[in-house]
Amino acid sequence: MTLVETPVRRSWMVAYALAMIGVAAGWFGPIQILLPEQAARLAGDDGKEALLALVTAWGAAASLVANPLWGLISDRLGSRRPIFIAGTAVGVAGLLLLSMADGTALMVTGWILVQVGLNGPLAALAAMIGDRVPERQRGTVGALFGVAQIIGVILGTAVAVVAGSQTVGYIAIAVAVPALGAAILIVHRETVIVPIDAPRRWRWPGGQFAWAWVIRFLLNLVNALVLVYLLYYLSDEVGVDDAATWVLIVTVVNVLFAGIFGFAGGVLSDRWEKRRVFVAAGAVVLAIGTTLMALVPVVPVVIAASVLVGVGWGAYIAVDMAVLTQVLPDPETRATMLGVANVAGTLPQMLAPVLAAPIVTTLGGYQTLYLVTAGFALLALALLPRLRAIH
């Protein structure tokens, strides 16, 4: 593999983070507030979980195909800019369609467009780390990739709450996504990427990539299960008034600690040249936080649990992209394989509501849901020794 040696500048890092914030806001503003409220309005209290599961499952299924496909197209073109621009346009169209959706079909179609579209800039941004960032900076920039997603969660959730209506919320996010992504198109300098010229050049990276993929999938599933029914958990289980505002409070607490520990962890992982210890610590703390959510559903404990979940998620995202880029074999298929790796982040979005709905409604409620979530974190910890290529 050709190693990148020229360090990236702070201006590039800032533009990169802004673009990732925009993509995350486009995803999580709808997931946290707008889609659940829209589902409740269209289906009522008795059918809101089922409709939300349907919409998010279709969107995540489309995302499974979209991310590797965007990556393959990018590798074929030998450029990241075209898929960044095209994907953003499709995602914005989906958000605008959701702002007008007054039935299940339009809601599903709009969310599919958002998922398909925003996977374009996500694939481009992931590939830029391998293209442009030297190994000695990948912990820091990879942490920015994760921390920016967290900030995007806050931004998207805050916009959804402040907007006061679903229509205004979707439109505001549709404006924010391209506005925040514009800077990276200006400052990013494309490296020379050799386009892949035929399917015969495809090469599976092997067992270490597979173990990294599984661990990423499990920890992303933990995060997705925490978020997917957070609005309903706070209103139905914890019993708070104005659940949407409490979602914002819990989310801000969560992402504040995730951002602090994510960025600090990325810098320290570069300095110490260690990655595995951060993955292990993240899995343990995530398990503790979700267990607290399961066993003690009262506001002070939920806030404390959100701190722990934020710390655990931050510890993991500090090294997530550094781990993945370390187990990729070929620069020519970098975007394609990172697209496959990103399936480990999007597949949990599809599975989380599918898993959560029957657990919440018939298999023990939120206590069982969050204990199962803790179990997934511990399973990721148990599999970590298999990832021998990472120090």
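The chain is numbered in sequence order, starting from 1.
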Given side chains that start at C-beta, do those of Leu369 and Val372 come closer than 4.5 Å, heavy atoms only? no

Test log, rule side chain to side chain contact (heavy atoms under 4.5 Å, CB included), inputs Val177 and Leu118: CA-CA 9 Å; Val177 171; Leu118 294 186; 4.0 Å; yes

Under the criterion side chain to side chain contact (heavy atoms under 4.5 Å, CB included), I'd like the reasoning laid out for Ile184 against Phe84: C-alpha separation, chi angles, the key distance, then a yes or no. CA-CA 10 Å; Ile184 194 64; Phe84 189 101; 3.7 Å; yes

Taking the six-membered ring for Trp, are Tyr16 and Trp12 ring centroids under 6.0 Å apart? yes

Quick one: pull up CG in Leu234 and CG in Asp242 and give me the separation to the nearest 0.5 Å. 11.0 Å

Does any non-hydrogen side-chain atom of Pro30 lie less than 4.5 Å from one of Ile173? yes

Say whether, by atom type as modelled, one donor and one acceptor occur between the side chain of Ser269 and the main chain of Gly266 under 3.5 angstrom. yes

Got Trp272 and Val267 here, is their nearest side-chain heavy-atom distance under 4.5 Å? no

Between Glu237 and Tyr370, do the side chains contain an N or O donor and an N or O acceptor separated by less than 3.5 Å? no

Drop me the distance from Ile171's CD1 to Met100's CE, to the nearest 0.5 angstrom. 8.5 Å

Find out whether Tyr170 and Leu35 are in side-chain contact, i.e. whether some heavy atom of one side chain is under 4.5 Å from a heavy atom of the other. yes

Please determine whether side chain to side chain contact (heavy atoms under 4.5 Å, CB included) holds for the pair Leu34 and Leu98, giving the CA-CA distance in whole Å, both sets of side-chain angles, and the decisive distance to 0.1 Å. CA-CA 9 Å; Leu34 297 175; Leu98 282 168; over 6 Å; no

Rounded to the nearest 0.5 angstrom, the OG1-CD1 distance for Thr56 and Ile112 is 11.0 Å

Looking only at heavy atoms, what is the nearest atom pair of Ile33 and Pro36, with distance? O-CD, 3.2 Å

Parallel, tilted or perpendicular for Trp213 and Phe217, by the 30°/60° rule? parallel

Could you check whether any side-chain heavy atom of Val340 comes within less than 4.5 Å of a side-chain heavy atom of Phe209, counting everything from C-beta outward? yes

Stepwise side chain to side chain contact (heavy atoms under 4.5 Å, CB included) check, Leu268 with Phe278: CA-CA 10 Å; Leu268 289 175; Phe278 292 92; 4.0 Å; yes

Between Val298 and Val253, is there shared hydrophobic-cluster membership here, with clusters defined by ILVMFWY side-chain heavy atoms closer than 4.5 Å? yes

Tightest non-hydrogen contact, residues Val114 and Leu95, listed as CG2-N, 3.5 Å

d(Leu97 CG, Trp111 CH2) to nearest 0.5 Å is 12.5 Å

Measure from the side-chain N and O atoms of Ser63 to the backbone N and O of Gly59, and report whether any donor-acceptor pair falls under 3.5 Å. no

Do Tyr229 and Tyr366 have side chains that approach each other closer than 4.5 Å (heavy atoms only, starting at C-beta)? yes

Value for CZ (Phe376) from CG (Leu351), rounded to nearest 0.5 Å, stands at 8.5 Å

Looking only at atom types and distance, does a side-chain atom of Ser74 sit under 3.5 Å from a main-chain N or O of Trp70, one as donor and one as acceptor? no

Can Val23 be reached from Leu113 by stepping across I, L, V, M, F, W or Y side chains whose heavy atoms are under 4.5 Å apart? no

Are any non-hydrogen side-chain atoms of Leu324 and Met321 less than 4.5 angstrom apart? yes

Heavy atoms only: give me the nearest Arg81-Leu185 pair and the separation to one decimal. NH2-O, 3.0 Å

Identify the two heavy atoms, one from Leu379 and one from Leu218, that lie closest to each other, and give their separation to 0.1 Å. CG-CD1, 3.8 Å

Sole candidate of Leu125, Ile85, Asp75 that passes side chain to side chain contact (heavy atoms under 4.5 Å, CB included) when paired with Arg80: Asp75

Going by atom types alone, do Gln115 and Trp27 pair a side-chain donor with an acceptor below 3.5 Å? yes

Which residue pairs satisfy the salt bridge (Lys or Arg N to Asp or Glu O under 4.0 Å) criterion with at least one member in residues 210-226, sequence neighbours excluded? Arg216-Asp320

Quick check against the 3.5 Å criterion: does Thr373 have a side-chain atom that pairs as donor or acceptor with the backbone of Leu225? no

Can you list every pair that meets salt bridge (Lys or Arg N to Asp or Glu O under 4.0 Å) and has a residue in residues 272-284, with sequence neighbours left out? Glu135-Arg275, Asp270-Arg275

Test item: Gln166 and Arg41 side chains (from C-beta on) under 4.5 Å apart, heavy atoms: yes

With Ser306, the side chain to side chain contact (heavy atoms under 4.5 Å, CB included) member among Val311, Val250, Ile249: Val250

So which heavy atom on Val159 is nearest to which on Ala172, and how close? CG1-CB, 3.6 Å

CG of Asn67 to CD1 of Ile83: how many Å apart, nearest 0.5 Å? 8.5 Å

Cluster overlap Met107 with Leu96, hydrophobic side-chain contacts below 4.5 Å: no

Verify, without hydrogens or angle tests, whether Thr368 (side chain) and Leu363 (backbone) share a donor-acceptor contact under 3.5 angstrom. yes

Could you state whether Val92 and Ile21 fall into the same hydrophobic cluster, counting links through intermediate Ile, Leu, Val, Met, Phe, Trp or Tyr residues with side-chain heavy atoms under 4.5 angstrom apart? no

Out of curiosity, does Leu387 fall in the hydrophobic cluster containing Val343 (side-chain heavy atoms, cut-off under 4.5 Å, transitive links)? yes

